[in-house]
Amino acid sequence: QIQLVESGGGLVQAGGSLRLSCVASGHTFNTHAMAWFRQVPGKERELVAAISWSGGSTRESDSVEGRFTISRDNAKNTVYLDMNSLKPEDTAVYYCAADSSGVLIEYLDSNAMDYWGKGTLVTVSS
């Protein structure tokens with residue numbers, strides 16, 4: 001198994017930028033796709049962005065496409081989420097997740113992920 005630790009959350013003004021980082025440790029040998037999810041109280045956890053093991057394939061949700069970018073540095077076992085032009089509706093707890101079964105990123109959802117971080121809070125003020 002692996003452990004995922006997110007960092008980079010905080011309070012930012014609307015229109016600002018923030019970078020989230022997720023560092024994986026433990027047995028990462030068979031880790032494949034990685035993803036970022038977010039959740040607001042009372043709402044289901046939703047996929048924000050996903051990236052393949054190689055980093056060659058990515059997907060972003062419609063709500064963040066063009067503003068958020070997911071990337072990874074396998075040498076550092078780290079996945080990033082660069083968030084730009086932040087809006088108040090982006091406020092949520094952001095979770096890093098990893099898949100160990102080789103599911104294609106097109107099919108990833110919260111139920112497909114095998115490992116989860118504890119989350120980092122992002123608050124965007126008006």
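- With values rounded to the nearest 0.5 angstrom, Leu47 atom CG is found 6.5 Å from Ser61 atom OG.
- Interatomic distance, OG of Ser57 versus CD1 of Ile51, reported as 9.0 Å (0.5 Å rounding).
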_Residue pair Val79, Ile70: steps toward the side chain to side chain contact (heavy atoms under 4.5 Å, CB included) verdict_ = CA-CA 7 Å; Val79 178; Ile70 188 171; 4.0 Å; yes
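- Pairing each heavy atom of Glu44 with each of Gln39, the nearest pair is C-NE2, 4.2 Å.
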*Walk me through it: do Thr78 and Cys22 pass the test side chain to side chain contact (heavy atoms under 4.5 Å, CB included)?*
CA-CA 5 Å; Thr78 302; Cys22 173; 5.8 Å; no
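- The minimum heavy-atom distance linking Ala14 with Pro88 is given by the pair CB-CD, 4.1 Å.
- Under the 30°/60° scheme for interplanar angles, the aromatic rings of Trp116 and Tyr95 are found to stand perpendicular.
- The side-chain tip of Arg19 points at the ring of Tyr80 from less than 6.0 angstrom away and within 45° of straight on.
- In this structure, Leu86 and Leu18 have side chains that are in contact, with non-hydrogen atoms separated by less than 4.5 Å.
- Taking the side chain as every heavy atom from C-beta outward, Asn74 and Arg72 approach each other to under 4.5 Å.
- Put simply, the side chain of Gln13 does not reach to within 4.5 Å of the side chain of Val124, judged on heavy atoms.
- Side chains of Met83 and Val64 form no contact here, defined as non-hydrogen atoms less than 4.5 Å apart.
- The backbone N or O of Gly16 lies less than 3.5 Å from no partner atom in the side chain of Asn84, so there is not a single donor-acceptor pair.
- Using a 4.0 Å cut-off between charged nitrogen and carboxylate oxygen, Arg38 and Glu46 count as a salt-bridge pair.
- Interatomic distance, Ser25 OG to Asn77 CG, rounded to the nearest 0.5 Å: 8.5 Å.
- Atoms CG and CE, from Asp99 and Met34 in turn, are 10.0 Å apart once rounded to the nearest 0.5 Å.
- Between Ser21 and Glu6 the shortest side-chain heavy-atom distance does not fall below 4.5 Å.
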Indicate every side-chain donor-acceptor pair of residues 102-114 with a distance under 3.5 Å to a residue at least two apart or in another chain.
from	atom 1	to	atom 2	distance (Å)
Asp109	OD1	Asn111	N	3.0
Asp109	OD1	Ala112	N	3.1
Asp114	OD2	Ser100	N	2.7
Asp114	OD2	Ser100	OG	2.9

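- Partners of Glu65 under the salt bridge (Lys or Arg N to Asp or Glu O under 4.0 Å) rule, at least two apart in sequence or in another chain, do not exist in this structure.
- Phe68 and Trp36 have their aromatic ring centers separated by at least 6.0 angstrom.
- Proximity of Lys87 to Arg67: side-chain heavy atoms (C-beta onward) are separated by under 4.5 Å at one or more points.
- A 4.5 Å side-chain heavy-atom check between Leu121 and Tyr94 finds every atom pair outside the cut-off.
- The structure places CG of Leu81 at 9.0 Å from CD of Glu60, a figure rounded to the nearest 0.5 Å.
- A heavy-atom distance below 4.5 Å is found between the side chains of Leu20 and Thr120.
- Taking CD1 from Ile2 and OH from Tyr115, the interatomic distance works out to 6.5 Å, rounded to the nearest 0.5 Å.
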